[in-house]
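A quick write-up on the structure given underneath.
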Amino acid sequence: MGVRLNTIEVLKQYFGYDSFRNGQESIINAILEGRDTLAVMPTGAGKSICYQVPALMLPGVTLVISPLISLMQDQVKSLNENGIHAAYINSSLSDSQISRALEAAAKGTYKIIYVAPERLESSEFIRFASQVQISMVTVDEAHCISQWGQDFRPSYLKIIDFVGSLSKRPILSAFTATATEEVKNDIACILNLRNPHVVVTGFDRENLYYQVENIRRKADFIVSYIEKHPKDSGIIYCSTRKNVDSLHELLFTRGVPVTKYHAGLDSETRKKNQEDFIYDRAPVIVATNAFGMGIDKSNVRYVIHYNMPQSMENYYQEAGRAGRDGEPSTCILLFSAQDIMINKFLLERKDFSGVEPEDIELIRQRDGKRLQVMEGYCRTTGCLRNYILSYFGEKTGAPCDHCGNCHREYREVDMTSEAKSVINCVFETKGRYGLNIVLGILLGAKRARLREIKAETYKTYGVLKEKNEAELRLLISQMILDGYLYQTEDRYSVLKMGNIAPLKDESTRVILRMYEEKEPSRKPKSAKRKSTDSLTSAGYELFEKLRALRLAIAREESLPPYIVFSDKTLIDMCVKRPQDHAGMLKVNGVGAAKYEKYGQRFLDEIGAFVLQHPEAVTSIPEDGNSEK
Ligand code: ADP
Ligand code: ZN
């Protein structure tokens, strides 16, 4: 390397980025000072750079322990593209390939080696590790070490013995996107981190727009969304294989370039479909939650959930696969009351074989709680981003003005007196009935079942007969959210009295937000406008040309297009229109190695465009007005 580069020079030279993101620099500096480090950063925040930059600057090799084969492959491809020698060793390689890789590694060919945790026990690997200088061991997806985490992997426990067996203790760094306090402590304790530098960056992903749609005709919504965003890549999650198959079929017959993924497909098909998606041959994928672990595709513009996931942790992880490149992206959850029933049903049938009896009740309670949190997200009329952040224990401020609920138009209606009638009814009927009977009584309905229970003898029978049923339903779910009522968890769920003490105070109001039916205004704040929005129509034309060139190169090189250059990088090229080597290196995401490989072809394309359109203005200044 000749002259020693500093961290920012390494970032520029190898990755083509000008500055560090929040948290990265302090992590890198701590590692370079030889300190153990634990970083909790949301998906897309840029964790990889935090260990890749120091790996390049430390002597010897960095071992990265990662649970997912596809993730390793993606990372290694990306690193090699950036001119960094890296390799992976996992079960996708044959024994002789592994031996060859280890031989090359022993000669110092690689700076970064990705391994699956199981590998740490293999005698061949242990022999190799004793021969080379291992400066750092990085544990990716570190939450896998905790039994309290979502995806506990017993093989992660092997890491400690392995590190102990090395003649010189390497620096340990651990990274995860999801860690509660418990899991964070587990990681530090179990990995035996020494006086670790702990960094927890905020969980907010500013570029993501959250939206919940309470609708029945979900498929229609998806079709029309895709028609409005034909060029975008997206993931649609369904809870069952059956839903995946039928939605895929529907989109396919509509001519959408779509593929699918679920555990019922054979592994060949799964692999092929996943690659079609990653290489943008089929930019839309319909999948169960079996899909996505280790998918690093950075240009996913939307993630739509066709069904409600079982927990916020799952939702945030799946939705978080949108917009890893930092570009504005949308996360939509389609919700219908049926989702709650299906989820309850699934939990009831959960397989508990092998679980200690005393744990079963605990797990059931935890699952029930998680489902309630998720239902709350679907039903809340407040800011969705704040709902998520406060669930993850972050302080929240004013509504974000960048989510579906913040942008929805609604009127607030004072329903305090109606709420009191509902309470009277539940009280009078001694909490024996479910939502539909309670509604029927209040509305004074004449149904056979109501006659059977002699509903008309109740004092509350018909007291709200002037009211609209849908509004009363909304009111009752709001009252459940507020804790005034609760629904029992068993199969014949009934409404019971919750904590009504606050309502006894005259000043307490029950306010309901009623959404207007008209299309909500979605004007994004200027700071969050899509970056292609900063292009003029001429700029967009150039962007399309550069995209086509990228696709051609990706096919030649058998690489996913986003590994050649991200959308963000192409947009920056359109804005800066570099004319030469120096200009090209100023573009965000163009490092030395990438310039060597592709720089000239992009310069040529831009040059040709400028020649054809000498007067063209390609971008709109940040605060300018677009002419649309
Ligand atoms: P994570 O592992 O935290 O989910 P990644 O490491 O995959 O995130 O990074 C997400 C994206 O952000 C990648 O495309 C990466 O190249 C990009 N990125 C990371 N750090 C920076 C930076 N300092 N400047 C610009 N882009 C960055
Ligand atoms: Zn909001």
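Counting starts at 1 for both ligands and their atoms, in listed order.
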*If you measure from each heavy atom of Ala45 to ligand 1, is any distance below 4.0 Å?*
yes
*With heavy atoms only and a cut-off of under 4.0 Å, state how Ala177 meets ligand 1: side chain, backbone, both or neither.*
neither
*Short list, please: which atoms of ligand 1 are under 4.0 Å from a heavy atom of Ile49?*
19 (C), 20 (N)
*For ligand 1, does Pro42 get within less than 4.0 Å through its side chain, its backbone, both, or neither, judged by non-hydrogen atoms?*
backbone
*For atom 24 (N) of ligand 1, which protein heavy atom lies nearest, and how many Å away is it?*
Tyr17 CG, 3.4 Å
*Between Arg379 and Glu375, is there a salt bridge with N-O shorter than 4.0 Å?*
yes
*Check ion pair Asp325-Arg301 (N to O, under 4.0 angstrom)*: yes
*Should the pair Glu81-Lys597 be classified as a salt bridge under the 4.0 Å nitrogen-to-oxygen rule?*
yes
_With a 6.0 Å cut-off on the ring centroids, do Phe335 and His305 count as close?_
no
*So among Tyr210, Tyr377, Tyr237, which one has a ring-ring contact (aromatic ring centres under 6.0 Å, His included) with Tyr315?*
Tyr377
*Note the single closest protein heavy atom to atom 23 (N) of ligand 1, along with its residue, its atom name and the distance in Å.*
Ser19 O, 2.8 Å
_Test: Glu605 and Lys545 ion pair at under 4.0 Å_ = no
*Short N or O distance, Gln24 and ligand 1, threshold 3.5 Å exclusive*: yes
*Which ligand 1 atoms, with their elements, are less than 4.0 angstrom from a heavy-atom of Phe20?*
23 (N)
_Nearest non-hydrogen protein atom, atom 17 (C) of ligand 1_ = Arg21 NH2, 3.6 Å
*Any chance the side chains of Asn299 and Asp280 put a donor and an acceptor closer than 3.5 Å?*
yes
*Quick one: does Asp325 get within less than 4.0 Å of ligand 1, heavy atoms only?*
no
_Nearest neighbour of atom 2 (O) of ligand 1 from the list Ser48, Gly589, Gly16, on a heavy-atom basis_ = Ser48
_Quick test: of every protein heavy atom, which one is nearest to atom 1 (P) of ligand 1, and how far off is it to 0.1 Å?_
Gly44 N, 3.4 Å
*Taking both backbone and side-chain atoms of Asn588, is any N or O found less than 3.5 Å from an N or O belonging to ligand 1?*
no
*asked:* Taking the basic N atoms (NZ, or NE/NH1/NH2) and the acidic carboxylate oxygens, is any pair closer than 4.0 Å for Lys218 and Asp339?
replied: yes
*How open is the angle at the Zn ion (ligand 2) from atom SG of Cys400 over to atom SG of Cys383, rounded to 10 degrees?*
100°
*For this output row, return yes or no: ring centroids of Phe291 and Tyr261 closer than 6.0 angstrom.*
yes
*Establish whether atom 13 (C) of ligand 1 and some protein heavy atom are separated by less than 4.0 angstrom.*
no
*4.0 Å heavy-atom contact, Arg324 with ligand 1*: yes
*Kindly assign one of parallel, tilted or perpendicular to the pair Tyr302 and His229, based on the angle between their ring planes and the thresholds 30° and 60°.*
tilted
*asked:* Under a plain distance cut-off of 3.5 Å, with no hydrogens placed, do Thr138 and Ser173 share a side-chain donor-acceptor pair?
replied: yes
*asked:* Under 4.0 Å, counting heavy atoms only: does Ser78 come that close to any atom of ligand 1?
replied: no
*Give a yes or no on whether His407 keeps an N, O or S atom under 2.8 Å from the Zn ion (ligand 2).*
no
*Looking at atom 8 (O) of ligand 1, what's its closest protein heavy atom, distance included?*
Gly46 N, 3.2 Å
*Is the number of heavy atoms from other residues, nucleotides or ligands within 6.0 Å of NE2 (His197) greater than 12?*
yes
